[in-house]
2 protein chains.
Amino acid sequence: MPPISPLLLEDLAAVVGPMGMLTAPGDLPAYTADWRGAHRGRAAAVVRPASTAEVAEVVRRCHLAGVAVVPQGGNTGLCGGATPDETGDQVVLQLGRLRRIRDVDPVEDTITVEAGAVLRDVQASAAAVGRLFPLSLGSEGSCTIGGNLATNAGGTAVLRYGMVRDLALGLEVVLPDGRIWDGLRPLRKDNAGYDLKQLFIGAEGTLGVITAAVLRLVPATPRRVTAWVALPDVDAAVAVLGVLREHGGSNVTAWELMSHEALSMVLATASQARNPLAAPHPWYGLVELAGPDGAVGLTAELEAALSEAFARDLLLDAVVAGSPAQRAALWSLREGISEAQNLHGPSLKHDVTVPIRRLPAFVAATASALDDALPGVRLVTYGHVGDGNLHFNLSLPPGLDPAAFLGHSGRLSKVVYDAVAAAGGSISAEHGIGTAKRAIAATYLDPVELELMRAVKRALDPRGLMNPGKVVLPG
Amino acid sequence: MPPISPLLLEDLAAVVGPMGMLTAPGDLPAYTADWRGAHRGRAAAVVRPASTAEVAEVVRRCHLAGVAVVPQGGNTGLCGGATPDETGDQVVLQLGRLRRIRDVDPVEDTITVEAGAVLRDVQASAAAVGRLFPLSLGSEGSCTIGGNLATNAGGTAVLRYGMVRDLALGLEVVLPDGRIWDGLRPLRKDNAGYDLKQLFIGAEGTLGVITAAVLRLVPATPRRVTAWVALPDVDAAVAVLGVLREHGGSNVTAWELMSHEALSMVLATASQARNPLAAPHPWYGLVELAGPDGAVGLTAELEAALSEAFARDLLLDAVVAGSPAQRAALWSLREGISEAQNLHGPSLKHDVTVPIRRLPAFVAATASALDDALPGVRLVTYGHVGDGNLHFNLSLPPGLDPAAFLGHSGRLSKVVYDAVAAAGGSISAEHGIGTAKRAIAATYLDPVELELMRAVKRALDPRGLMNPGKVVLPG
């Protein structure tokens, strides 16, 4: 890439106005490193357009000048997908000013939002018309819809509602050469040719910049029943999923799993946190069923499921949340794991999926192999067991130097990813590839798959200027 | 394309064996015309491979020879997508022998099937393990999963479960050059790079041949409540959707609409059919809620919804099915429309979507404009109103000569598609493009969209040998 010219920077400033352009060194670090500080780069400028037309004009001018563009939303990603490289020649395209809720329509059951809208604001806009926008994840207070779509975000309600891909009806996208594709249609059925929006969802901004989306809303589920359970092992967690579905059908909204190690970290670091059960147990599960106000039987469904699970020796203990506050306390234990682990020092994160029936063998074999590889390594295992998705994270053993721990990272991660591959799983369940998993993707993905991805990249971004170096490298 | 050589035919016969190759003129017509006889072509051969490896070898040899391949499943499509062209130089790749159910897994809640498996057999295999494969459409007794995926089939349960795209977890695909892409993973979450399966779903075989799929199963819904209602107008149909959702939430599985004209055709042609209500009404709706055996309250939900709809003057009459036989009779009225219309002589079919809130104005304006264009033209309007999808079909006015009627087809269809475009709808909701709507797509789709589709086609099929001439033509 050529170094960026002062003339281009002036042009871009003219497009976005003085509010929309940051070039002073002190203003840039918030955008050139990710929130964890795990990925750091440099940028020629951070450009903050306030309309789709401005995004298109910025991208068009960068394309003409041969300058690479790095789209960025809330900067809450975990794989470096929104971080510029080290050259300082890339432009960060920050979408935070493009944040309008354009339309909420309870007849169509859709919401039309701009890319920079924060997920929590989208949820609130849906709730204001008596609907649910079901995407829910830890960073929902700061992540943006554009980033959610670009990474095909998952979260805690995938079991019932799917990934954000399943909630997207239409997109507006600025293509790598600055053209605008207006696919902002609210249609449930549209088979008029290839479904182009699928290309951009989950592509991490490498094929174009999502500037707006029409998203599906679903019936609100103000009635919820929530329970925290103790489980002897992962086999039981898989079996309980079947019991829950049998009794709760599609009302089952969440089935989350945590190891005792994961809960311990939360209890050790969050002052408000306490174990909901009297005694410690090897594994814990968080189950939730939800339905509309008029729904009867949610409690009966949950109680029938728990009874059967106890009768089949799948549960060791259980507590049902008796109030919204108790429910919130249970969820905060689950949602506090990531932060608690960060407070414990460096960690190695593995966001993986394996077929659900293979989870027990996968967890057992991987735990054993990791302990062989680094005796005492702490396994902070938790995740969305109903989706086969584990955050199979590692923390350093007591007494080990953090730098020494990180020195083992390649070897430890290889143990995990080899096991994922052997189980027919995915090396990235919901966090994407970015730069963090690029080499891992190149190692573990089928060569045919990599070639297809490169062919798609070349077709849509022949000059390779749209978030280059992310997801897939030129062959 | 070059004419096919006898040597290649010998090669293909060697690959698939004597059972797998048809070249005698008498054997071909069943595969070179669609089931309605609306699309007719010729073929050098019909090749019927029995394994993925055979498909790959057939495609590889055709690719080397520069011969075009036309994939075909149950040949039940409505847009000519599986019909070869007139040259007689193309090879029809018929997938009916590739029909194994490879695996049904009630823990994973998945079914793994080969492309030629008939939809009804897939449904039955799911039911045998206590699960539901929710895709359901009129041709389910003969259409195949490969064709369902290639056309992104919809049907009568989209409101609750989505299109077949939403049910697909993984695919196995033979690429245009004969390589096999093994993406046959049963994972709910997989963000390891671009979601390649999305490219092939709905591409009508123009980017590769789907040979197998892993599909999602959902909880069985043996409990169903079904009602037939009379409606004053389409406004009421849209409003009732809101009432149904409010009371039934995600239990609402179907909300179908039929005009009186559509029902009349069924009553006039099907000897068993009778109007479920005492008097005729302008519009009819078919509603269904479904849940697991243990579900309580389905009847209460339906009754509450109907009561509210009556109180708000949205309904003129209603009858709730009292037995499985009554339910089947109601559904047969809805499902009999297509056949009844065919018995009435030539018809013009328009499978379109418009935003749900625009349905009333769309139907009114289009009906009026059509009557201006051809006084007395019969509007056989029905469809999946909960999805915004209407089959806005036309039959000839009494007394008009069929050929004269068909002579008006361009002018009449233009009225419909202009109105769809004005309403921000789609010219193809669930039937695809094939060859039938290729010119319409070229007229009504955004030029940027057409260019993107062509770029994808060139990237995956640079020689243009995979079902050429379907969906999108080279620019």
Side-chain angles (χ1 to χ4, degrees), chain A residues 107-108 151-152 154 158 163 166 179 181-182 185-196 198 202-203 219 238 242 245 247 249-250 291-292 294-297 353 355-357 387-389 424-433 441 445-446 448-449 452-453 455-456 458-460 471-472, chain B residues 107-108 151-152 154 158 163 166 179 181-182 185-196 198 202-203 219 238 242 245 247 249-250 291-292 294-297 353 355-357 387-389 424-433 441 445-446 448-449 452-453 455-456 458-460 471-472:
Chain A
V107 173
E108 218 64 45
T151 57
N152 187 27
V158 172
M163 308 287 280
D166 301 302
R179 285 177 301 163
W181 170 52
D182 178 4
R185 294 184 285 265
L187 310 175
R188 308 278 151 164
K189 289 182 169 177
D190 184 5
N191 274 343
Y194 305 156
D195 190 356
L196 296 170
Q198 307 294 347
V238 171
R245 283 200 170 126
H247 292 277
S250 59
V296 287
T353 316
I356 294 167
R357 66 160 63 247
D387 313 317
N389 175 197
S426 172
I427 56 155
S428 184
E430 57 180 8
H431 294 170
I433 299 292
L445 295 192
D446 174 1
V448 173
E449 199 149 303
L452 282 169
M453 291 183 195
V456 170
R458 282 193 303 269
L460 269 78
V471 184
V472 65
Chain B
V107 172
E108 218 65 43
T151 58
N152 187 29
V158 172
M163 308 287 280
D166 301 303
R179 284 177 300 164
W181 170 51
D182 179 3
R185 295 184 284 264
L187 309 176
R188 308 277 153 166
K189 288 182 168 177
D190 184 6
N191 274 342
Y194 305 156
D195 190 357
L196 296 169
Q198 306 294 348
V238 171
R245 283 200 169 124
H247 292 278
S250 58
V296 287
T353 315
I356 294 166
R357 66 160 62 246
D387 313 316
N389 175 197
S426 172
I427 57 155
S428 184
E430 58 179 7
H431 295 170
I433 299 292
L445 295 192
D446 174 3
V448 173
E449 198 149 305
L452 283 169
M453 291 182 196
V456 169
R458 280 193 304 270
L460 269 79
V471 185
V472 66

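First the proteins, then the strands, lettered A, B, ... as listed; each starts at 1.
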Checklist entry - Are any non-hydrogen side-chain atoms of A:Leu452 and B:Tyr194 less than 4.5 angstrom apart? => result no
Checklist entry - At a heavy-atom separation under 4.5 Å, does A:Leu196 approach chain B through its side chain, its backbone, both, or neither? => result side chain
Item to check | Under 4.5 Å from a heavy atom of chain A, the part of B:Leu445 involved | outcome: side chain
Item to check | Region of B:Ala441 that comes under 4.5 Å of a non-hydrogen atom in chain A | outcome: neither
Item to check | Intermediate values then yes/no, side chain to side chain contact (heavy atoms under 4.5 Å, CB included), A:Asp166 and B:Asp166 | outcome: CA-CA 7 Å; A:Asp166 301 302; B:Asp166 301 303; 4.0 Å; yes
Item to check | Polar side-chain atom of B:Gln198 near backbone of A:Gln198 as donor-acceptor pair, under 3.5 Å | outcome: no
Checklist entry - What part of A:Arg357 is in contact with chain B, defined as an atom under 4.5 angstrom from a non-hydrogen atom: side chain, backbone, both or neither? => result both
Item to check | Toward chain B, the part of A:Asp446 with a non-hydrogen atom under 4.5 Å | outcome: side chain
Next on the checklist: For a side chain to side chain contact (heavy atoms under 4.5 Å, CB included) check, start with the C-alpha distance between B:Asp195 and A:Asn152, then their side-chain angles and the critical distance, and finish with the verdict.
Outcome noted: CA-CA 10 Å; B:Asp195 190 357; A:Asn152 187 27; 5.6 Å; no
Next on the checklist: Using modelled atom types and a 3.5 Å cut-off, is there a donor and acceptor pairing between side-chain atoms of A:Thr353 and backbone atoms of B:Leu187?
Outcome noted: no
Next on the checklist: Just so I know, are the side chains of B:Leu460 and A:Val456 near enough to count as touching, which here means a heavy-atom distance under 4.5 Å?
Outcome noted: yes
Item to check | Test item: B:Asn191 side-chain N/O and A:Gly202 main-chain N/O as donor-acceptor pair under 3.5 Å | outcome: no
Checklist entry - Is chain A contacted by the side chain of B:Pro355, its backbone, both, or neither, given a heavy-atom distance below 4.5 Å? => result both
Next on the checklist: Please rank B:Val471, B:Asp190, B:Val238, B:Ile433 by heavy-atom pairs under 4.5 Å with chain A and give me the top one.
Outcome noted: B:Asp190
Checklist entry - Does any heavy atom of chain B fall under 4.5 Å from the side chain of A:Met163, the backbone, both, or neither of them? => result side chain
Next on the checklist: Please rank B:Ile356, B:Thr151, B:Val158 by heavy-atom pairs under 4.5 Å with chain A and give me the top one.
Outcome noted: B:Ile356
Item to check | Closest approach of B:Lys189 to A:Ala429 (non-hydrogen atoms, all atoms of both residues) | outcome: CB-O, 3.5 Å
Checklist entry - For chain B, which of A:Glu449, A:Arg179, A:Arg245, A:His431 has the most heavy-atom pairs under 4.5 Å? => result A:Glu449
Checklist entry - Non-hydrogen atoms of chain A under 4.5 Å away: do they reach the side chain of B:Arg185, the backbone, both or neither? => result side chain
Checklist entry - Taking every heavy-atom pair that is under 4.5 Å apart, which of B:Ala455, B:Ser428, B:Pro219 has the most such pairs with chain A? => result B:Ser428
Item to check | Residue, of B:Asp387, B:Val472, B:Val448, B:Ile427, that accumulates the most heavy atom pairs under 4.5 Å with chain A | outcome: B:Asp387
Checklist entry - Nearest 0.5 Å, what's the CZ-CG distance between B:Arg188 and A:Asn389? => result 12.5 Å
